[in-house]
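Have a look at the structure below before the remarks.
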Amino acid sequence: MLSDTYNPLEIEEKWQKSWDSDGVFQVHEDREKPKYYLLEMFPYPSGKIHMGHVRNYTIGDVVARYKRMRGFNVLHPMGWDAFGMPAENAAIQNNTHPAAWTYENIDSMRKQLKRLGFSYDWDRELATCTPEYYRWEQWLFIRMFEKGMVYRKESFVNFCDPCQTVLANEQVEDGACWRCGREVRQKKLWQWYFRITDYAQDLLDYCDRLPGWPEKVTTMQKNWIGKSTGARIRFGIEGREDGIDVFTTRPDTVCGASFVCLAPEHPLVTALAAGNTQAPEVEAFLGKMARQERTAKAIETAEKEGVFTGSYAINPVSGGSVPIYAGNFVLMEYGTGAVMGVPAHDQRDFDFAARYGLPRPVVVQPAGEKLDEATMQEAWTGPGTLVNSESFSGMDNVAAQTAIADWLQAKNAGEKAERFRLRDWGISRQRYWGTPIPMIHCDTCGIVPVPEEDLPVRLPEDAGLLANGGSPLGSLASFYEVTCPKCGKKARRDTDTMDTFVESSWYFLRYCSPKEERAIFNREAVAYWMPVDQYIGGVEHAVMHLLYSRYFTRVLEAEGLVDFKEPFTNLLTQGMVCKETTTCKEHGFLYPEEVDFSKDTPICTKCGNPVSIGRVEKMSKSKRNVVDPTLLLDRYGADTTRLFCLFAAPPERDLEWSDTGVEGSFRFLNRVWRLALRYQDVARKAVAYNGELAALSGGDRDVFRKTHQTIKKVAEDVDRFHFNTAISAVMELVNAVFAAGEKGEDIQHAGVARHLIESICLMLSPVVPHFTQEIWAALGGEGALPEKAWPRWREDALQEDSILVVVQVNGKLRDRVTLPADADEESIKAAALAAEGAVRFMEGKEVKKVIVVKGKLVNIVVG
RNA sequence: GCCUGGAUGGCGGAACUGGUAGACGCAAGGGACUUAAAAUCCCUCGGUCGAAAGGCUGUGCGGGUUCGAUUCCCGCUCCAGGCACCA
């Protein structure tokens with residue numbers, strides 16, 4: 001029996017316990033059933049779940065439960081992306097240990113997720129900060145090192161001298177340290193890199209073989225990899241034996257080069273300036289560059305500037321001499337770290353030449369136009385015929401690209417070349433809370449990996465964090481003092497940790513056998529479960545995380561550990577949950593509960609100062625524009641919270657949070673509850689009707705038809721992840737039943753009533769599992785609802801008796817006619833031409849054309 | 001700056017392959033029930049003209065293709081995400 005009122009908190013706890021003790025969501029490899037691996041991006045354990053998590057995991061849970069009802073053996077795991085900077089920041093702020101802080105957060109977040117009733121197999125839970133997890137990451141790192149997939153090189157980091165610490169890009173605000181506010185400089189450090197560029201071509205090729213991914217994501221990845229074809233051209237240097245290799249996509253314009261520009265870090269810059277009058281200026285420029293932020297955004301928005309090195313380069317085709325500059329718009333990591341400047345045919349070069357008064361010779365003349373160096377307002381980047389280009393003059397510029405590259409190759413001064421924008425993946429972090437890099441530096445033997453039997457290299461738990469945010473590992477002798485595994489002499493352990501993207505690049509494999517102690521994963525388990533059938537997570541991960549995971553899978557494939565290259569067959573990128581930010585002058589970003597919105601101007605509850613309302617942005621802990629779902633859980637329960645998240649917007653769309661509307665979802669559940677109450681007595685004794693529609697009449701017929709139509713619609717909508725419209729469809733069904741009752745056409749047939757309530761329970765069970773289970777049980781339904789089969793619909797029960805045809809005249813709606821469902825085209829046309837509303841607009845005009853869309857619309861064209 | 005998306009009533013959204021724009025829900029207004037309130041139920045609800053019937057207009061802006069465009073094409077504007085050390 002159902003209680004008179006819907007009491008979510010009681011019901012939810014009861015069924016969660018019941019499912020838990022029955023092990024309903026535990027899964028094992030089962031060859032009898034088709035497998036389905038559903039994965040949601042695991043969370044960083046920040047302490048509290050936020051609406052973004054609730055949304056992401058609700059979407060995943062609905063799909064997991066739906067697939068299970070459709071007969072799949074569903075793997076649906078959850079865990080924690082537990083290493084990362086916030087733990088260190090919190091540790092400094094609250095004087096706790098990152099580990100203690102992290103594990104506490106995991107405990108409280110696990111509780112919250114459990115309250116939401118997600119169908120996870122909690123036996124598979126993992127946390128990346130445990131030695132059981134990261135030892136396999138270290139093991140893999142060493143294998144990659146042995147295969148040459150890992151190397152070291154010098155590169156720059158943001159460094160704050162007063163704090164003596166490396167800063168993340170996020171920790172640099174307008175070129176200054178977030179902690180002390182002083183200017184940040186670029187410091188060179190030796191760092192570890194993964195050779196992801198080895199796979200650039202393969203990662204690119206497979207972007208077109210991922211039909212289950214949104215095209216926008218593969219497009220973004222293609223652009224990120226950024227393949228370009230062109231040529232490497234070697235310019236000579238006056239007075240020197242060596243030369244400068246430039247990469248260009250426009251070898252056809254080589255004779256139009258009026259300068260060569262090097263990246264500031266290019267090794268030749270100081271060498272070329274040495275001993276000439278430009279030396280001091282070059283030095284000043286490099287000093288300035290060392291203070292400039294190195295994010296792509298900063299580089300590309302900064303004004304193009306450069307400095308003459310005092311040396312000249314020799315054009316290998318024209319033999320001309322051009323000045324060599326160093327410039328802030330040339331990236332050392334891309335191409336060769338040097339470009340040739342062709343102002344007439346490249347806008348960036350045009351701007352640079354304008355600033356430094358460099359000539360801009362025209363070498364490509366477009367058809368029907370005459371470019372003139374003196375009067376050009378912008379670069380010409382289109383096609384044309386080569387001029388002033390030695391023996392290549394008169395040639396079509398596209399043909400010349402190959403011709404010039406071939407010519408250069410013959411002269412040993414260049415060749416055709418491909419370049420990728422993608423750079424190798426730098427993974428060294430000068431931080432504490434991460435996976436220790438399992439390497440030892442020995443003065444005698446060089447770099448030696450930690451022997452496998454010594455893994456894991458554990459993070460020392462007694463390390464006290466430094467107030468400035470620096471890693472304690474570098475000054476913790478008990479950690480770094482080791483003996484060399486090769487020669488036994490004193491050596492130093494690597495004190496850097498890995499980028500946390502490394503952990504998330506293979507966790508999906510570990511879920512298949514999370515407790516495996518002898519290997520990174522159990523190969524049979526991985527062979528059964530992988531690849532992930534459906535991966536769900538925020539769009540913000542469209543490039544980096546997903547690309548790194550694809551790369552890791554390739555590395556493992558090359559190692560022979562897995563036999564597939566792509567980890568995720570289908571991808572759903574959900575939109576972000578956004579909210580406006582609130583800032584107080586004194587206290588910075590404020591949580592919504594720290595703002596008093598009751599006055600005309602919002603007030604900071606800490607100091608009483610007015611609060612300024614900022615842009616609507618992705619909810620994030622650092623911006624504090626987060627909504628705490630526990631408030632909703634306490635008030636409405638998990639089912640209403642889940643229902644609202646799905647109903648508010650389709651998954652791929654961003655969701656601007658508003659508190660209103662949750663009430664409506666709660667109201668809907670209460671409405672369904674009352675519907676169940678109304679029919680429970682008759683339905684409990686009945687068997688669900690499963691006969692022909694034709695055998696029913698009146699309200700029974702309408703309700704039965706509407707129920708089947710709804711079953712069909714909901715299945716179709718869930719299949720394409722349109723949960724909001726699926727829910728709307730059930731709302732319409734419920735409304736129709738109530739409306740029929742109002743009209744005196746209430747359900748008479750007990751079997752139809754039972755079929756209705758059962759169908760609603762089954763259809764809504766992935767969304768509101770506790771609620772539907774309670775009603776199901778009240779009808780006398782046995783067992784766990786999540787284990788039942790998805791309802792089927794009868795084709796004969798979908799048939800309407802009549803159709804509504806819209807009548808347009810010249811594309812404007814003029815009338816509607818109702819016709820028998822089997823009306824043929826001729827009778828539809830005749831009815832439309834006779835429709836009163838249409839006739840008025842046809843008077844005195846000639847009917848030129850009649851377009852009939854069968855069963856839907858007639859458009860009469862008159863003139 | 002570059003790459004990728006998005007924009008529809010007061011609000012969230014719907015319209016699946018070009019075919020009734022605004023389903024479903026929120027908010028608002030009116031009514032019923034109630035001593036009253038809550039809950040519930042019913043009605044109205046893009047703008048504009050009109051007493052009504054009905055007309056005109058309307059999917060960020062400007063063009064185009066089409067019998068017909070929220071949907072396709074071209075050119076913009078604004079917003080969001082990513083840009084390699086936030087995750």
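Per chain, numbering begins at 1; letters A, B, ... match sequence-line order.
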**OP:** Could you please spell out the steps behind the side chain to side chain contact (heavy atoms under 4.5 Å, CB included) verdict for A:R423 and A:Y334?
**Re:** CA-CA 7 Å; A:R423 310 202 294 258; A:Y334 182 68; 5.8 Å; no
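- B:rC78 and B:rC73 are spaced 22 Å apart, taking the P atom of each and rounding to whole Å.
- Residue-level contact check: A:V157 touches the bases, meaning some heavy atom is under 4.0 Å from a base atom.
- Using a 4.0 Å heavy-atom criterion, one finds that A:R816 contacts the bases of the nucleic acid, with or without backbone contacts as well.
- The residue A:S428 sits close to a base: some heavy atom pair falls under 4.0 Å.
- Taking the P atoms as reference points, B:rA69 lies 11 Å from B:rG19, given to the whole Å.
- Nucleic acid contact for A:Y44: sugar-phosphate only, since backbone atoms but no base atoms lie under 4.0 Å from a heavy atom of the residue.
- If you check every strand for non-hydrogen atoms under 4.0 Å, A:L804 touches a base.
- Comparing B:rG82 with B:rC43, their C1' atoms are spaced 49 Å from each other, to the whole Å.
- Below 30°, between 30° and 60°, or above 60°: for A:Y548 and A:W425 the angle between ring planes is below 30°, a parallel geometry.
- Across all strands, A:E617 comes closer than 4.0 Å only to sugar-phosphate atoms, never to a base (heavy-atom distances).
- With 3.5 Å as the limit, one finds a donor-acceptor pair spanning the side chains of A:D717 and A:T725.
- Atom CD of A:E836 has 12 or fewer heavy atoms from other residues, nucleotides or ligands within 6.0 Å.
- Taking the six-membered ring for Trp and thresholds of 30 and 60 degrees, A:F501 and A:H541 have ring planes more than 60 degrees apart, a perpendicular arrangement.
- For B:rG62, the base adopts the anti conformation, since its glycosidic angle falls more than 90 degrees from zero.
- On the nucleic acid side, RNA chain B contacts chain A at distances under 4.0 Å to non-hydrogen atoms, with the end points of that region at B:rG1 to B:rA87.
- Residue A:E652 is classed as having no contact, given no heavy-atom separation below 4.0 Å to the nucleic acid.
- With C1' as the reference atom, B:rA14 and B:rA21 are 9 Å apart, rounded to whole Å.
- When the nearest nucleotides of RNA chain B are assigned to A:L655 and A:L857 by heavy-atom distance, the more 5′-ward of the two goes with A:L655.
- B:rC26 and B:rC42 have their P atoms separated by 12 Å, with the value rounded to a whole Å.
- Going from the P atom of B:rC11 to that of B:rU59 covers 15 Å, rounded to whole Å.
- Donor-acceptor pairing under 3.5 Å is recorded for the side chains of A:S155 and A:Y193.
- By the 30° and 60° cut-offs, the orientation of the rings of A:H545 relative to A:Y507 is tilted.
- Across all strands, A:F501 comes closer than 4.0 Å to base atoms (heavy-atom distances).
- Residue-level contact check: A:Q221 touches neither bases nor backbone, having no heavy atom under 4.0 Å from any strand.
- Note: A:W657 and A:F644 have perpendicular aromatic rings, judged against thresholds of 30 and 60 degrees for the angle between ring planes.
- Residue contacts shown for A:K812 are limited to sugar-phosphate atoms, with no base heavy atom under 4.0 Å away.
- B:rC76 and B:rC24 have their P atoms separated by 40 Å, given to the nearest Å.
- Comparing B:rU35 with B:rG30, their C1' atoms sit 22 Å apart, to the nearest whole Å.
- Residue contacts for A:P650: at a heavy-atom cut-off of 4.0 Å it reaches the sugar-phosphate backbone alone, with no base atom in range.
- Toward the 5' end of RNA chain B, the nearer of the two residues A:V853 and A:V861, judged by each one's closest nucleotide, is A:V853.
- Using a 4.0 Å heavy-atom distance criterion, A:T301 is classed as a base contact.
- Using modelled atom types, one finds no donor on one side chain facing an acceptor on the other under 3.5 Å when comparing A:N625 with A:T581.
- Note on A:G426: only backbone sugar-phosphate atoms sit closer than 4.0 angstrom, heavy atoms only; bases stay farther off.
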